[in-house]
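Reading through the structure tokens given below for one structure.
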Amino acid sequence: MKRKGFFYLGGIGLNSWYQNARTALFIHWGIATGNAAWQEKKLLYSSTEEFEQAANSAGWDAGKWVAAAKKLRASYISFAIFHGSMAHMKAWKSDIPGTPTTNRDFLGELIEKADQEGIRVILYIGGQPFFQDFPWVDPSEYGRWKGDLSIDITDHAVWQKRYVREIIEEVIDRYPKLAGFWFDGWNND
């Protein structure tokens with residue numbers, strides 16, 4: 001999973017671009033976006049389709065986020081989309097079932113626009129599953145996809161060591177211009 005110019009936050013493989021970065025734009029975005037009570041796990045949207053329609057209707061544009069990062073003189077954008085409070089939504093068309101995915105490739109659009117302006121993008125990955133708070137997520141989809149219904153991705157260790165690692169590999173393969181990951185809640189795992 002190592003690539004030139006790529007870093008893993010947490011001390012492993014930190015590259016000079018990150019060590020020299022002083023400012024970032026942190027986009028914390030997902031199913032609970034716009035909800036003042038997101039800590040209470042009250043979602044504004046009942047599905048990724050509903051969320052995506054709202055984002056499209058509001059005129060979501062990766063170029064606007066990149067322009068904001070430029071105004072801040074940010075070296076990178078941290079896209080915090082795959083986070084428990086945001087319902088572990090994947091803002092790209094993922095082949096890996098179990099958590100919600102969008103049809104629109106928001107992550108790819110952001111990476112491409114940022115790359116055009118010399119700004120890097122890292123993907124925030126939450127380390128803990130919060131499926132009990134989001135009943136529209138179907139963890140058994142992953143087990144069916146893998147052909148092993150005994151796989152429980154709501155188990156913290158399985159979440160990190162199996163499920164999320166596959167998502168990380170998918171993202172690395174799909175987005176060669178992604179600059180790295182920000183891992184939160186992973187502790188020593």
Side-chain angles (χ1 to χ4, degrees), residues 6-12 14 17-18 21-45 48 51-52 54-56 58 60-94 96 98-102 104-115 117 119-131 133-134 137 153 156 159-160 163-172 174-175 177-187 189:
F6 199 78
F7 85 94
Y8 303 95
L9 194 61
I12 302 171
L14 246 50
W17 79 261
Y18 183 76
R22 296 291 176 250
T23 305
L25 176 62
F26 201 99
I27 303 171
H28 208 257
W29 194 56
I31 298 292
T33 295
N35 186 356
W38 68 270
Q39 295 99 338
E40 298 168 19
K41 310 291 190 272
K42 294 178 183 176
L43 303 179
L44 292 180
Y45 310 103
T48 52
F51 167 82
E52 191 169 350
N56 291 334
W60 191 91
D61 178 1
K64 290 179 182 177
W65 289 110
V66 172
K70 281 184 71 170
K71 283 183 182 179
L72 292 170
R73 298 183 183 163
S75 302
Y76 68 99
I77 297 171
S78 179
F79 197 37
I81 188 75
F82 197 72
H83 182 280
S85 298
M86 297 296 144
H88 298 294
M89 185 179 80
K90 296 175 290 226
W92 63 93
K93 185 65 179 160
S94 175
I96 303 169
T99 53
T101 186
T102 59
R104 184 171 176 181
D105 189 1
F106 295 100
L107 176 60
E109 292 174 24
L110 184 62
I111 292 168
E112 284 306 313
K113 290 287 186 185
D115 183 63
E117 297 296 333
I119 297 172
R120 291 178 167 92
V121 174
I122 63 173
L123 182 62
Y124 175 105
I125 301 281
Q128 299 178 358
F130 293 108
F131 292 117
D133 297 323
F134 303 104
V137 174
I153 63 172
H156 188 250
W159 171 261
Q160 289 185 350
Y163 182 70
V164 175
R165 287 187 190 269
E166 282 199 56
I167 291 170
I168 291 166
E169 289 172 8
E170 176 186 65
V171 169
I172 288 172
R174 193 169 289 171
Y175 304 102
K177 293 179 183 176
L178 182 72
F181 294 93
W182 181 300
F183 295 108
D184 187 13
W186 285 68
N187 302 322
D189 295 330

Could you check whether Phe51 and Trp29 have their ring centres less than 6.0 Å apart? yes
If we ignore hydrogens and angles and just use 3.5 Å, is the side chain of Asn56 paired with the main-chain N or O of Glu52 as donor and acceptor? yes
Could you grab the distance from atom CD1 of Ile167 to atom CD1 of Ile172, nearest 0.5 Å is fine? 12.5 Å
In the structure I gave you, are the side-chain heavy atoms of Phe183 and Ile168 within less than 4.5 Å of one another anywhere? yes
Between Phe26 and Ala80, what is the shortest heavy-atom contact and its length? CE2-CB, 3.5 Å
Minimum heavy-atom distance between Leu25 and Ala68, given as atom pair plus value: CD2-CB, 4.3 Å
Less than 4.5 Å apart, side chain to side chain, heavy atoms only: is that true for Thr102 and Met89? yes
Is the shortest side-chain heavy-atom distance between Val121 and Tyr175 below 4.5 Å? no
Measure the shortest side-chain to side-chain distance between Thr99 and Phe82 over non-hydrogen atoms and say whether it is less than 4.5 angstrom. yes
Heavy-atom nearest pair, Gly63 first then Lys113, reads N-CG, 4.0 Å
Quick one: does Ile96's side chain get under 4.5 Å of Tyr163's, heavy atoms only? yes
Would you confirm whether the ring centroid of Trp65 sits within less than 6.0 angstrom of the ring centroid of Phe79? no
Rounding to 0.5 Å, atoms CD1 (Ile111) and CD1 (Ile122) come to a distance of 11.5 Å
Minimum heavy-atom distance Glu170-Ser94, with the two atoms named: OE1-OG, 2.8 Å
Tell me if a side-chain donor or acceptor on Arg120 pairs with a main-chain N or O of Gly180 at a distance below 3.5 Å. no
If you compare all heavy atoms of Tyr76 against all heavy atoms of Ile119, which two are closest, and at what distance to 0.1 Å? CA-CG2, 3.8 Å
Any sub-3.5 Å donor-acceptor pair from Thr48's side-chain atoms to Thr101's backbone N or O? yes
Side chains of Trp92 and Leu123: closer than 4.5 Å at any heavy-atom pair? yes
Pairwise distance CD(Glu109) to CZ(Arg104) - rounded to 0.5 angstrom: 4.0 Å
If I compare all heavy atoms of Ala91 with all of Ile81, which pair ends up nearest, and what's the gap? CB-CG1, 3.6 Å
